[in-house]
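Report on one structure; see the data block that follows.
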There are 2 protein chains.
Amino acid sequence: MVRQPSVNARDRAPLSTERIIEAALQIIDGQGLGRLTMRRLGDALEVEAMAIYHHLPRGKEQLLDGLVAHVAAAPADTRGAAGWRASLRTWARDYRERLLEHAGVLPLVVTRRNPAALTETSRSLRELLRQGGVPEERAEVAAHTLLGYVIGHAALEARAGDDSGVDWEARFAAGLDLVLAGVL
Amino acid sequence: MVRQPSVNARDRAPLSTERIIEAALQIIDGQGLGRLTMRRLGDALEVEAMAIYHHLPRGKEQLLDGLVAHVAAAPADTRGAAGWRASLRTWARDYRERLLEHAGVLPLVVTRRNPAALTETSRSLRELLRQGGVPEERAEVAAHTLLGYVIGHAALEARAGDDSGVDWEARFAAGLDLVLAGVL
DNA sequence: ACCTGAACACCGTTCAAGT
DNA sequence: ACCTGAACACCGTTCAAGT
């Protein structure tokens with residue numbers, strides 16, 4: 001006979017930072033950022049809220065930082081884009097989509113003064129620009145301009161909701177062309 | 001002898017939505033959004049927290065909506081700008097400055113699905129563009145592009161803080177030129 | 001009409017204790 | 001090592017009561 005695990009641990013994967021972030025994201029996407037509480041998160045993980053502190057000693061602060069890192073630290077994956085401008089366009093489209101998939105995290109992305117999440121993102125964007133032959137100084141400006149536009153536009157979209165009669169995807173693409181025309 | 005007012009009302013202007021918003025803004029600017037609580041707000045106004053509900057029946061929700069309206073609903077005041085592109089530039093610079101003055105409100109501006117605050121802002125921006133001769137359809141795109149850029153860049157700046165070694169004002173201006181070049 | 005005081009259901013977090 | 005349970009200081013908000 002195999003030893004029976006304790007009642008509490010039965011049928012339940014061990015807690016991990018990964019699983020905690022995942023569950024938190026699910027709560028935010030489904031119910032909104034305001035309903036993300038340590039107690040509710042514990043419930044979702046079938047654990048007492050206090051167990052979370054064992055994996056995230058800095059508590060909710062660390063949780064929010066982790067969420068920002070998870071959502072905003074996009075790798076500039078532009079495999080198979082034909083040419084440099086196409087790469088930028090692909091990058092911007094993908095990044096916008098990712099932000100909107102987790103629109104509830106946007107206020108955190110916008111104002112958490114925390115990890116190097118966005119620093120990393122803008123670095124890889126700068127790299128992309130330099131590969132296209134844009135000189136260093138212009139690349140810095142262009143990277144921030146593009147990143148600012150994508151984040152800001154995503155924020156506008158999230159604010160407006162789905163019921164504004166605007167084709168946001170088309171509008172984003174049009175504005176992107178406009179910005180890219182300036183970058184060129 | 002003049003009637004003495006009650007102890008509670010002594011030396012204290014009567015509460016008003018204006019004064020409440022003002023005090024809330026002061027708390028946010030000085031201590032951060034996270035420290036804005038109804039109780040602390042009451043203290044700042046020398047009143048019990050519950051008195052606030054008499055002026056803002058929807059409570060904290062209404063307070064946050066009011067803050068967004070106060071900060072984000074900028075009148076496109078471009079008096080004395082030489083020409084149309086100068087007007088746009090002035091508008092963008094002023095709006096950025098206003099957002100950064102109350103950077104603590106940015107997460108609310110970004111994601112409150114509430115009043116027509118930003119709708120009004122983008123409307124007046126569209127007006128400015130049409131006056132410059134930009135056709136209606138292009139004006140809509142340009143307005144959102146510009147607004148997205150300004151908000152997004154302000155968010156990047158607020159995130160980075162003052163200690164990043166970047167001249168944010170110059171970078172904003174450079175990016176703005178880049179965007180305006182596309183709008184033209 | 002305007003404000004207070006007590007109360008309620010909920011937070012994040014600490015800390016000692018269990019296994 | 002990992003999780004629990006009780007406790008603490010704080011939330012937003014309701015509601016009856018005061019003036």
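Sequence lines set the chain letters: A, B, ... in the order given, protein chains first and strands last, and positions in each chain run from 1.
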Any B:His55 side-chain nitrogen or oxygen under 4.0 Å from OP1 or OP2 of C:dA1: no

Presence of A:His54 side-chain N/O under 4.0 Å of D:dT4 phosphate oxygens OP1/OP2: no

Check ion pair [X]-[Y] (N to O, under 4.0 angstrom):
X: B:Glu61; Y: B:Arg58; result: no
X: A:Arg171; Y: A:Glu157; result: no
X: A:Glu127; Y: A:Arg130; result: yes

Residue mapping more 5' on DNA chain D - nearest nucleotide basis, B:Arg58 or A:Ile52: A:Ile52

Residue pair B:Glu140 / B:His144, side-chain donor-acceptor N/O under 3.5 Å: no

Whole-Å distance separating the [atom1] atom of [X] from the [atom2] atom of [N]:
X: A:Tyr53; N: D:dG5; atom1: OH; atom2: P; value: 17 Å
X: B:Leu41; N: D:dG12; atom1: CG; atom2: P; value: 9 Å
X: B:Glu48; N: D:dT14; atom1: CD; atom2: C1'; value: 15 Å
X: A:Leu33; N: C:dG12; atom1: CG; atom2: C1'; value: 15 Å

ring-ring contact (aromatic ring centres under 6.0 Å, His included) assessment of B:Phe172 paired with B:Trp168: CA-CA 6 Å; B:Phe172 174 80; B:Trp168 285 110; over 10 Å; no

Would you tabulate the pairs of protein nitrogen or oxygen atoms and nucleotide nitrogen or oxygen atoms of nucleotides 7-11 of chain C closer than 3.5 angstrom?
unit_1, atom_1, unit_2, atom_2, d
C:dC11, OP1, A:Arg40, NH2, 2.9

Residues, nucleotides or ligands: over 12 heavy atoms within 6.0 Å of A:Glu101 CD: yes

Base-pairing mate for C:dC11 - Watson-Crick or G-U, with both contacts under 3.5 Å: none

Watson-Crick/G-U partner (both atom distances under 3.5 Å) of D:dT19: C:dA1

Nucleotide nearest B:Ala51 (side chain, heavy atoms from C-beta), chosen from D:dC3, C:dT4, C:dT13: C:dT4

